[in-house]
Amino acid sequence: MDMPELPEVETVKKTLEKKLVGLTITGVEIFMPKIIRDPAPDKFAMEVTGNKISRLGRRGKYLLIHLTGEKVLIIHLRMTGRLVYSEPVDPLPRHTHVVFRLSNDRELRFIDMRQFGRVQLSTVRYLGQVKGLKDLGPEPLGEEFSRDFLRRELKRKRVRIKSLLLDQTFLAGLGNIYADEALHRARINPKRMACTLTPREIANLYRSIVEVLQEGIENRGTSIRDYVDGDGRTGSYQALLRAYNREGQKCLYCGTPIARLKVGGRSSYFCPACQKE
DNA sequence: AATCATCCCTGACCGC
DNA sequence: TGCGGTCAGGGATGAT
């Protein structure tokens with residue numbers, strides 16, 4: 001149940017760029033057509049084939065693989081998606097939906113048990129019009145995200161803070177794990193209405209968001225069940241989580257058992273003592 | 001415009 | 001052992 005969030009996608013990006021940049025995609029095999037969002041699978045395979053991988057990028061939870069000809073592969077792993085660089089002789093895992101053949105006789109595999117992930121081809125020119133990508137909020141580790149931004153935006157949001165942190169049009173890249181970790185670290189109850197946070201709480205939340213994402217990246221992501229990087233390796237941040245997935249275990253700040261409740265249909269782990277309503 | 005509900009999908013888990 | 005039901009959850013979509 002660990003969905004790739006910003007730190008996991010960043011780790012996939014870092015591991016894959018070492019292997020992929022400079023290689024040419026010599027062919028595409030599509031086993032599950034619905035995974036290809038646009039254009040139609042046949043056209044997708046044709047347009048991708050023959051192009052060299054120039055660089056990798058990331059925007060929120062989207063991984064971008066830039067190709068020659070100003071083309072860009074846009075990949076979202078959603079919940080259980082994996083993108084793994086492999087040898088063709090390695091047995092093809094179950095739920096492998098798309099395979100990109102590479103000019104060094106290796107391949108890049110898109111694997112996704114729940115079939116929620118999507119792959120799409122666009123161009124640099126049209127990136128600003130791609131659904132999902134175009135409405136993303138600022139990058140939490142970028143310059144546009146600041147304490148002032150948070151203060152300004154929270155003031156006018158009539159929604160629970162946990163739901164807002166998960167809203168990708170508000171801020172790009174947080175998912176359930178890092179949202180819960182940030183709120184716990186900032187000692188803010190997930191059900192609090194965004195507009196009621198005090199300046200002090202907002203400052204704490206800002207710092208907490210940046211910290212948990214940086215620590216997540218430093219530890220190569222969180223692997224609870226499914227997540228692996230581009231080399232097929234698990235991350236290690238799961239051992240450092242303080243709230244997420246720790247129901248019943250002691251809060252590391254005060255010893256109170258971590259509790260779980262639903263906020264906006266999503267489970268939220270929190271400390272009832274440190275994060276009072 | 002903002003907010004909420006539903007759906008997609010499989011495997012793990014639970015109770016009987 | 002097996003079976004059916006429930007849950008997990010990001011984001012697109014439609015409803016309010």
**Study point:** Centroid-centroid under 6.0 Å between A:H184 and A:Y244 rings
**Key:** no

Review point. Roughly how many Å is it from NZ in A:K262 to C1' in B:dT6, rounded to a whole number?
Key: 14 Å

Exercise for review: Quantify the bending of the helix from B:dA2-C:dT16 to B:dC16-C:dG2 as the angle between its end axes, each fitted on five pairs, to 10°.
Suggested key: 50°

Check your understanding: Do you see a donor-acceptor pair shorter than 3.5 Å between the side chains of A:Y178 and A:T222?
Key -> yes

Practice item. Provide, to the nearest angstrom, the distance between the CZ atom belonging to A:R78 and the P atom belonging to C:dA8. Key: 19 Å

Practice item. Could you tell me whether A:E5 and A:K61 have a side-chain N and a carboxylate O separated by less than 4.0 Å? Key: no

Exercise for review: Could you tell me if the ring centre of A:Y62 sits under 6.0 Å from that of A:H76?
Suggested key: yes

Check your understanding: Closer to the 5' end of DNA chain B via nearest nucleotide, is it A:V159 or A:R94?
Key -> A:V159

Review point. Considering heavy-atom distances to DNA chain B, does A:R266 or A:R158 have its closest nucleotide positioned more toward the 5' end?
Key: A:R158

Review point. The side chain of A:R260 lies closest to which of these nucleotides: C:dG11, B:dG11, C:dA8?
Key: C:dA8

Review point. OP1, OP2 of C:dA12 versus side-chain N and O of A:H76: anything below 4.0 Å?
Key: no

**Study point:** C:dG11 OP1/OP2 closer than 4.0 Å to side-chain N/O of A:K61
**Key:** yes

Dump every N/O contact between nucleotides 13-16 of chain C and the protein below 3.5 Å, one line per pair.
| residue | atom | partner | partner atom | Å |
| --- | --- | --- | --- | --- |
| C:dT13 | OP1 | A:K131 | NZ | 3.3 |
| C:dT13 | OP2 | A:K131 | NZ | 3.2 |

Practice item. Can you tell me the distance, in whole Å, between the NE2 atom of A:H95 and the C1' atom of B:dA12? Key: 13 Å

Check your understanding: Given the rule in the salt bridge (charged side-chain N to carboxylate O under 4.0 Å, His left out) test, do A:E211 and A:R207 qualify, once you have shown the distances and angles that lead to the verdict?
Key -> CA-CA 6 Å; A:E211 279 177 8; A:R207 197 179 57 236; 3.8 Å; yes

Check your understanding: Think A:Y244 has a side-chain N or O under 4.0 angstrom from the OP1 or OP2 of C:dA8?
Key -> no

Exercise for review: Would you kindly give the CG-to-C1' distance between A:D112 and B:dC9, to the nearest whole Å?
Suggested key: 9 Å

Check your understanding: Please give, in whole Å, the distance from B:dT3 P to A:D135 CG?
Key -> 15 Å

Practice item. Would you please indicate yes or no on a ring centroid separation below 6.0 angstrom for A:Y206 and A:F149? Key: no

Check your understanding: Linking I/L/V/M/F/W/Y whenever any side-chain heavy atoms sit under 4.5 Å apart, do A:L64 and A:I217 land together?
Key -> no

Point to revise | Integer-rounded Å distance: B:dC9 P and A:Q115 CD | key: 6 Å

Practice item. Flag yes if A:L164 and A:L171 sit in one hydrophobic cluster, no otherwise; membership is Ile, Leu, Val, Met, Phe, Trp, Tyr, and two members link when side-chain heavy atoms are under 4.5 Å apart. Key: yes

Review point. A:R114 has an atom CZ; how far is it from atom P of C:dC7, in whole Å?
Key: 14 Å

Check your understanding: How is A:Y62 classified with respect to the nucleic acid when contacts are heavy atoms under 4.0 Å: base, sugar-phosphate, or nothing?
Key -> sugar-phosphate

Point to revise | A:E201 with A:R192: basic N within carboxylate O range, under 4.0 Å | key: yes

Point to revise | Side chains of A:F145 and A:L150 in contact at under 4.5 Å (non-hydrogen atoms) | key: yes

**Study point:** Side chain of A:S267 - closest among C:dA8, C:dG11, B:dT10
**Key:** C:dA8

Point to revise | Spacing of A:M113 atom CE relative to C:dG9 atom P, expressed in whole Å | key: 13 Å

